[in-house]
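A short write-up of the structure that comes next.
Just so it is clear: chains get the letters A, B, ... in the order the sequence lines come, proteins before strands, and each one is counted from 1.
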Amino acid sequence: MKQAQTHLARLESESIEIMREVISETDNPVMLYSVGKDSAVMLHLAKKAFYPSLPPFPLLHVDTTWKFKDMYKLRDKVAKVTKMELIVHQNPKAKEKGINPFDHGVLHTDIWKTEGLKQALDKYRFDAAFGGARRDEEKSRAKERVFSFRTAQHLWEPRVQRPELWSLYNARKAKGESMRIFPLSNWTELDIWQYIYVENIEIVPLYFAAPRPTVIRNGMLIMVDDDRFPLEMGEKPVIRSIRFRTLGCYPLTGAIESKASTLIEIIQEMLLTTTSERQGRIIDKDQGVSMEAKKQQGYF
Amino acid sequence: MDKVYEIDTLIAKDINAYLESHQNKLLLRFITCGSVDDGKSTLIGRLLYDSKMIFEDQLAQLKVDSKKMGTQGNKIDFALLVDGLAAEREQGITIDVSYRFFSTKKRKFIVVDTPGHEQYTRNMVTGASTADLAVILIDARKGMLTQTCRHSYLCHLLGIQNFVLVVNKMDLVDYNQEVFDSIVYNYYEFAKRIGIQNLTSIPISGLKGDNITIRSDSTPWYNGLTLIDHLESIKLGQTGDKTQNFCMPVQWVNRPNSDFRGFSGKITAGSIKIGEEVVILPSKKTSHVERIVTFDGDLNMASNGQSVTITLKDEIDCSRGQIISSSNSPPKVADQFNTTLIWMDEKKLIPGRAYYMKIGVQTVMATIAEPKYEINVNTLEHMAADSLKLNSIGVAILTTDVSIPFTPYAENKTLGGFILIDKFTNSTVGAGLINFALRRTQNIHWQNVNITRDDHAILKKQKPAVIWLTGISGSGKSTIANAVEKKLNRMNRHTFLLDGDNIRHGLNKDLGFTEVDRIENIRRVGEVAKLMTDAGLIVITAFISPFESERQIVRKMMSPGEFIEVFINTPLHIAEKRDVKGLYSKARLGQLKNFTGIDSPYEPPEKPEINIDTTSMSIDEAAEKIIKKLFSF
Ligand SMILES: Nc1nc2c(ncn2[C@@H]2O[C@H](COP(=O)(O)OP(=O)(O)OP(=O)(O)O)[C@@H](O)[C@H]2O)c(=O)[nH]1
Ligand SMILES: [Mg+2]
């Protein structure tokens, strides 16, 4: 990003500034790496922020064992190429109880993701965690600070957030308390895609349209990524040309039918679409402020 | 009249051309402000909706929500698009700022919706600090209110250059021109007095959409621009920052290996080229730029707004918080300032107390004198004030513990704006702007003396020190202090004991027990102890000294290693049982106010040099332990 004054260059510079503040003002930061497009951008920015040093923190993947196969593939490749430490955490309790998206519904996300994240942060005593959330994603996210304070129980208290003026971030906290840091706060979905395009950042192939085996569940187009997926009697997955706007656990992530197989086509399609990117996420769908409730309990 | 903004046809026709144009669109950050219920959130919801930023699934949800909340009958409640917190939706008010994004063919916008409620002014300030333009809303039925004035004042104070006065809810006053004119007249009067220059006014209805994206037939008497046309066409680029000389606060020292030492930061003013001379502040050492390193390759030149890593030709000392600046007219350095403060905490400002001050990327300790005055936001009068409470704005002298590079806020925001952080709760309790530096401390010169503090100490054959005992009333401070002094005296050491009760009979007899007086009490004792160490003495003090921040100030006054903090650690219930002076029972009966441990807090030391547990140690053992430690330094 060489031009000084483009919009993306300004966003990039701001994110870099945020990341450098974090490693200077916190003791033990970590970057949450979910393998999605926002994580990809965030990681790319981290490389830039600390170059020629390696980003001075590990990557943490809170795994649910239900992500798409392609995501695991890219995750392991990225860890190898960047030479950064990758911590993969799977909630042992969820594993033991066999928590899964088919039998346990909302619990699946609560236990694997929310509980898993808290466990991992406590286990490694991370006091700051970078997340790739953006304010344009959802209306309670739009309310969040860049440096978002969490109590020792990982709770977010939206009603008493610290004032955050200019780019003066207050990272002070007592023992046990922590910060969530959102360096992409001011990026929009379009900014992310354009940045991936100009910077040539590798993303999971699932973002590009290709023929894939699908079924329809609850009005959503679900990709059958492995044989754990319970098909109905005599049901056969249908091959459709699909892609994803956002990635999560494969049985909970809705695809869209699309022919967009290049970045520029994706961007074009996104600009012409009439639905939001979160529409494909079952987790955000339950009632109005569910994201806020989840965030209060410690979900990212 | 909905959706006048159709999706740009260029997207389908030539996506590359569209993206190119999108990249070059200027970004305008603006906030909406004004009093509670003036319609800020509704207006923003309307802007998002009209500029087609609302997706179908979101719209469907909005319709469901609107019905559920039932505020607008069967119509859409646009405020629900921005009031994203459960508590906000229940009460129909905005609590915290919300950042929303939208773009039109001409511009990109980040709009910050702020709460009108006075209680949440600090959140409004958060949004205002980064805005280029303020949209001030006034309810046509209500006219100007205190919050209209407060918000306007704050926006102007924080350096916002452009103002739009929007008279909202025109539908409820029959689109009456006289109503509009009289509000505009009153507001202009006020705006002129606070110094607002660029001001435009528009009559609108956020609910009905009049004069927002399209001109309204209901206001034929209005011939200005619609709100969106105005936002798209207003001239940008006047940030108010006047400094042109290169300046970069060092955020992080980049050391991948022993051959590379770079200074990473974001340039906050001017530009720099390879080979140019720079000066490091506050040390004033100079060097030349060797490389400007980025992930995308080295640069020959970098300018304001870019995040880079700079290496220098010489091996000079430079660390986080220092500033690399062009060597011609670098920022000045000072330690005392005239500042304007915005107080943002429920607990009011305590003059004399130390707060963390974050300015640029540096954190220092700052104390604030009693305010010169508080500003009445309605009348702009200066009112006498001995403190600042939540949401008050005032002017006060601020002193930092070390000298810091700065520029007045009016010239550059990054080195002129700061936040204050409570040392105990870690909350951000205030924000401030540097108006100018004072030269007071510089003008009182130190008188040179021929006999130095070392000479005094050598004559007495001892190393001076302050043994600072802290603990609640009745914990045993005086008793142990006495025992320590007796032992030292027998060892032929020159000592002096400063005891709380005694000092309060003389030097500090003008002080009471309020938080402010307690702080001043400790400050004076600290200064006296300091003079005594200069005279070569070993000073023993016995003061409750309940606040960590004051103890730290005293620690900072002393030479390194000369301050020995001793925590006389006695649990409250035991001290209360002892109640040697009968004070606890009085306090319990309410006959004594501000009594430490009862109705005034005691903050135990974070890292005392010595911890004395009086429940497991005799007085003699305690004294021995302290003396042993004293001689080990
Ligand atoms: N008739 C009419 N009502 C309006 C208009 N704009 C807003 N309202 C109503 O005024 C009420 C308050 O609107 P909000 O948008 O929540 O006000 P606000 O300024 O955001 O309030 P706070 O954020 O709490 O300070 C709601 O019931 C709106 O529907 C308007 O132009 N005409
Ligand atoms: Mg509102």
Side-chain angles (χ1 to χ4, degrees), chain A residues 1-2 4-10 12-14 16-17 20-21 23-24 47-54 135-136 138-143 145 158-159 161-168 170 172-174 185-186 188 190 194 264-265 267-268 271-276 278-279 288-289 292-293, chain B residues 7 11-12 15-16 19 23-25 27 55-58 61 65 81-82 84-87 89 95-101 108 110 122-123 125-126 129-130 251-252 254-256 260 264 266 293-296 303 305-307 309 320 344 356 358 361 413-414 417-419 421 426-428 431:
Chain A
M1 194 95 335
K2 292 216 171 133
Q5 292 314 331
T6 68
H7 181 59
L8 286 179
R10 270 192 295 265
E12 177 186 82
S13 179
E14 180 189 65
I16 290 176
E17 181 186 25
R20 288 171 173 172
E21 277 305 281
I23 58 131
S24 306
K47 288 189 217 159
K48 291 198 173 195
F50 303 106
Y51 177 85
S53 297
L54 272 186
R135 285 172 175 158
D136 80 327
E138 198 271 339
K139 56 187 178 303
S140 68
R141 295 252 196 243
K143 294 261 162 193
R145 302 284 188 261
R159 300 192 59 168
Q161 298 196 85
R162 290 177 178 174
E164 192 166 86
L165 285 89
W166 304 291
S167 45
L168 291 178
N170 174 4
R172 294 197 169 264
K173 55 203 165 342
S185 287
N186 290 326
T188 63
L190 176 58
Q194 272 194 281
I264 211 73
E265 283 166 2
I267 294 174
Q268 189 169 30
L271 288 170
L272 296 171
T273 186
T274 52
T275 56
S276 78
R278 298 223 140 238
Q279 191 229 9
V289 286
E292 179 188 350
Chain B
I7 288 181
I11 295 171
I15 178 71
N16 282 304
L19 291 179
Q23 263 307 291
N24 294 321
K25 281 179 198 167
L27 172 74
F55 293 112
E56 272 169 15
D57 52 313
Q58 293 169 333
Q61 184 70 48
D65 291 351
L81 276 174
V82 263
L85 301 176
R89 299 155 82 83
I95 292 174
D96 210 336
V97 289
S98 171
Y99 299 82
R100 303 303 297 247
F101 306 76
K108 284 195 268 265
I110 298 181
R122 60 178 172 215
N123 295 332
V125 172
T126 292
S129 71
T130 52
Q251 279 188 283
W252 186 63
N254 196 338
R255 304 218 60 179
F260 186 95
S264 300
K266 185 172 170 192
V293 181
T294 78
F295 180 86
D296 303 293
S303 55
Q306 279 180 288
S307 287
T309 296
R320 173 170 166 85
M344 306 194 291
Y356 287 121
K358 189 166 183 192
V361 299
K413 291 179 185 174
T414 356
F418 58 87
I419 55 170
I421 301 168
N426 292 316
S427 322
T428 305

Checklist entry - At a heavy-atom separation under 4.5 Å, does R100(B) approach chain A through its side chain, its backbone, both, or neither? => result side chain
Next on the checklist: Between T428(B) and L168(A), is there a side-chain heavy-atom distance shorter than 4.5 Å?
Outcome noted: no
Checklist outcome for this item: Per-residue tally against chain B (heavy atom, under 4.5 Å) across N170(A), T188(A), I264(A) peaks at N170(A)
Checklist entry - Under the 3.5 angstrom rule, does the side chain of Q251(B) hit a backbone N or O of E17(A) as a donor-acceptor pair? => result yes
Checklist outcome for this item: Value for OG1 (T309(B)) from NZ (K48(A)), rounded to nearest 0.5 Å, stands at 12.5 Å
Checklist entry - Heavy-atom distance under 4.5 Å between the side chains of E21(A) and R320(B), does that happen here? => result yes
Item to check | Check: K358(B) and R172(A) side chains under 4.5 Å, non-hydrogen atoms | outcome: no
Checklist entry - Can you name the side-chain hydrogen bond (donor to acceptor under 3.5 Å, both in side chains) partners of R159(A), sequence neighbours left out? => result Y120(B)
Item to check | Proximity breakdown for V293(B) and chain A, heavy-atom pairs closer than 4.5 Å | outcome: side chain
Item to check | Residue pair K25(B) / H7(A), side-chain heavy-atom distance below 4.5 Å | outcome: no
Checklist entry - Checking L54(A) against chain B: side chain, backbone, both or neither under 4.5 Å from a heavy atom? => result neither
Next on the checklist: With heavy-atom distances below 4.5 Å as the criterion, would you say the side chains of S13(A) and K266(B) are in contact?
Outcome noted: yes
Checklist entry - If you take all heavy atoms of W252(B) and F50(A), which pair is closest and at what distance? => result CZ3-CD2, 3.6 Å
Checklist entry - Would a distance-only check, ignoring hydrogens and angles, find a side-chain to backbone donor-acceptor pair under 3.5 Å from S53(A) to N254(B)? => result no
Checklist outcome for this item: If you tally heavy-atom pairs under 4.5 Å between each of R255(B), Q58(B), K108(B) and chain A, the highest tally belongs to K108(B)
Checklist entry - Would you say F101(B) and N186(A) make side-chain contact, with heavy atoms under 4.5 Å? => result yes
Next on the checklist: I'd like to know which of T126(B), I419(B), T130(B) tops the heavy-atom pair count under 4.5 Å against chain A.
Outcome noted: T126(B)
Item to check | Heavy-atom pair of closest approach, residues K143(A) and D96(B) | outcome: NZ-O, 2.6 Å
Next on the checklist: Does any part of the side chain of L8(A), heavy atoms only, come nearer than 4.5 Å to the side chain of Q23(B), both counted from C-beta?
Outcome noted: yes
Next on the checklist: Let me confirm one number: the CD-CG distance from Q161(A) to L85(B), rounded to the nearest 0.5 Å.
Outcome noted: 7.5 Å
Checklist entry - For L19(B), is it the side chain, the backbone, both or neither that has a heavy atom under 4.5 Å from a heavy atom of chain A? => result both
Checklist outcome for this item: Looking only at V97(B), I95(B), V82(B), N16(B), the option with the highest number of non-hydrogen pairs under 4.5 Å against chain A is V97(B)
Item to check | Where E164(A) and S129(B) come nearest, the two heavy atoms and their spacing | outcome: O-OG, 4.2 Å
Checklist outcome for this item: Closest non-hydrogen atoms of W166(A) and K413(B), given as atom of the first, atom of the second and distance, are NE1-CD, 4.3 Å
Next on the checklist: My understanding is that only residues two or more places apart in sequence, or in another chain, count here; which of them pass ring-ring contact (aromatic ring centres under 6.0 Å, His included) with Y99(B)?
Outcome noted: none
